[in-house]
Amino acid sequence: MTDLETPVATPPRTGALRRAAPALLGYVGVRALGLITLALWSATNGKSAHTLLTARWDALWYTRVAELGYGYEVRLPNGDVHSNLAFFPLLPWLERLVPAITPLSYADAGLLVSMLASLAAAWGIFAVADHVHGPRAGVCAVLVWAVLPVGIVQSMAYSESLFTALAAWSLYAVLTDRWLTAGLLASLAGLTRPVGVAVVAALWAAAITSFAGERVRDGSAARPGGASVWPRALGMLLAPLGAVGYVLWVGHRTGKGPLGYLDVQAGWRNGFDGGYAFARFIGEKFTSFPSALAGVGLILGVALIVWLYVTCVRQGQPLSLLVYTGVVTALALCASSYFGSKPRLLLPAFPLLLPLALALARLRTSRSALVLGGAAVASAVYGAFWLNGSGPP
């Protein structure tokens, strides 16, 4: 059996789908279980599962961008201004494209895009994990991502699945030295969510390290040669274009210059404060006994995330994955945004799950199946309960 700690050579392109098939079939099974559970739970509560997936919270904002374009805003009694300029454009563009060629509504187009993107994300996660640790760990990584407590978001008309797909395949392209592809996908990721900067940082870190490594091997500080220099350089140039282009456009649209997007986010009370607001939120939980249990749970959750990241470092994950995960995690935990959104914001940080995938891959198939099966049931029940309650803001 292949040593799970040893990086595995890139599989040939032929048969790539067949190689990923067990992971994709398992992923479809988990998501189907979640959707069936949601449909039954919602029907019992007199709610529409379709509405919960397509027309609440951020999904509704994306649909409005697709239908009405940018410029819609809501002014709250406390003076806050919620502008749809906060939502990056790739998902709304796709929601507008699909109805142009099909009879689907904008909302259903968002659901279709999200579901297809979630499959692409699962395949990308498998490709990355397979490249680093082998196919068995790849299958487990996909299934662990699928059974996360907030995994139902992967099936919503949200941008998490689309972003994760673009990020995963961009990272895989970096790992396999396909720099132009990596740059293009990173640029598209930057048009999907603000956290696209994590993909750009990962690509740049890998490219700069690669350049430096070539100089060391050449034994001099001279400019590295070779035909591979230009694809890397072009990939680095392409990567930030999506995010930078949208941010500059928002600044021009609002008349507030290059930092205008930060003002838009401030209207939603979103910002980066190094985790101060989140720490205060956790501290306030200890003012009474029942809420103190939630505070303890939050501390344990943050500790688990830190432990997983440290384990990723110790297991020798490639630099691009460590940089990407570090930026995604820092932006999620250290932002002053609505605290209930943080588990959802961590969904794209799939490399954090590779240590768990490795642990499951070492177990017998029957044992890992039992663990993942139980987690899938728990995730399905929690997802149905969550969407029928507070849901993912």
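Positions are given from 1, in the same order as the sequence printed here. Scope of the values below: all heavy atoms of this structure, side chains included, with no hydrogens, waters or symmetry mates.
Within the 4.5 Å cutoff, side-chain heavy atoms of Val264 are placed close to those of Val250. Using a 4.5 Å cut-off on side-chain heavy atoms (C-beta onward), Leu321 and Cys312 make no contact. The shortest distance between side-chain heavy atoms of Tyr324 and Leu171 falls below 4.5 Å. Residues Ile208 and Met236 meet the side-chain proximity criterion, which asks for heavy atoms closer than 4.5 Å.
Within the 3.5 Å criterion, the main-chain N or O of Ala206 finds no donor-acceptor partner in the side chain of Ser210. Checking side-chain atoms of Thr192 against main-chain N and O of Leu188 turns up a donor-acceptor pair under 3.5 Å.
Between Thr365 atom OG1 and Leu360 atom CG the span is 11.0 Å, to the nearest 0.5 Å. The CD atom of Gln315 lies 9.5 Å from the CG atom of Leu308; values are rounded to the nearest 0.5 Å.
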Taking only distance into account, with no hydrogens and no angle test, what donor-acceptor pairs under 3.5 Å do side-chain atoms of residues 275-289 form with protein atoms, sequence neighbours excluded?
unit_1 : atom_1 : unit_2 : atom_2 : d
Thr287 : OG1    : Glu284 : O      : 2.8
Ser288 : OG     : Ser291 : OG     : 2.8

When the side chains of residues 344-354 are checked against the rest of the protein, which donor-acceptor pairs come out under 3.5 Å, sequence neighbours left out?
unit_1 : atom_1 : unit_2 : atom_2 : d
Arg344 : NE     : Pro393 : O      : 3.1
Arg344 : NH1    : Glu160 : OE2    : 2.6
Arg344 : NH2    : Pro393 : O      : 2.4

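Qualifying side chain to side chain donor-acceptor pair (under 3.5 Å) partners for Asp108, counting only residues two or more places apart in sequence or in other chains: His50, Ser105.
Under the 6.0 Å distance and 45° angle rule, Arg64 counts as a cation-pi partner of Trp61.
Of all non-hydrogen atoms in Ser161 and Ala121, the two that sit nearest each other are O-CB, 3.9 Å. For the pair Trp41 and Ala384, the tightest heavy-atom approach, listed with the atom from each and the gap, is CB-CB, 3.7 Å. The two residues Ala66 and Pro92 have their closest heavy-atom pair at CB-O, 3.6 Å. Here the shortest heavy-atom pairing between Gly326 and Tyr309 reads N-CE1, 3.7 Å.
Using a 30° and 60° split on the angle between ring planes, Tyr246 and Tyr70 fall in the tilted class, from 30° to 60°.
Trp204 CH2: 12 or fewer foreign heavy atoms inside a 6.0 Å radius.
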Criterion ring pair (Phe, Tyr, Trp, His ring centres under 6.0 Å) on Trp123 and Phe126, from CA distance to verdict | CA-CA 5 Å; Trp123 193 356; Phe126 171 82; 8.7 Å; no

For Phe88 and Tyr261, run ring pair (Phe, Tyr, Trp, His ring centres under 6.0 Å): C-alpha distance rounded to whole Å, both residues' side-chain angles, the deciding distance at 0.1 Å, then the answer.
-> CA-CA 11 Å; Phe88 276 47; Tyr261 183 76; 5.4 Å; yes

Kindly determine whether Thr164 and Ile125 satisfy side-chain contact (heavy atoms from CB on, under 4.5 Å), including the steps that lead there.
-> CA-CA 9 Å; Thr164 304; Ile125 292 170; 4.3 Å; yes

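Ser42 and Asn388 are linked by a side-chain donor-acceptor pair at a separation below 3.5 angstrom, with hydrogens and angles left out of the test. Arg178 and Thr176 are linked by a side-chain donor-acceptor pair at a separation below 3.5 angstrom, with hydrogens and angles left out of the test.
Proximity of the aromatic rings of Phe87 and Trp268 is defined here by a centroid distance below 6.0 angstrom, and this criterion is met.
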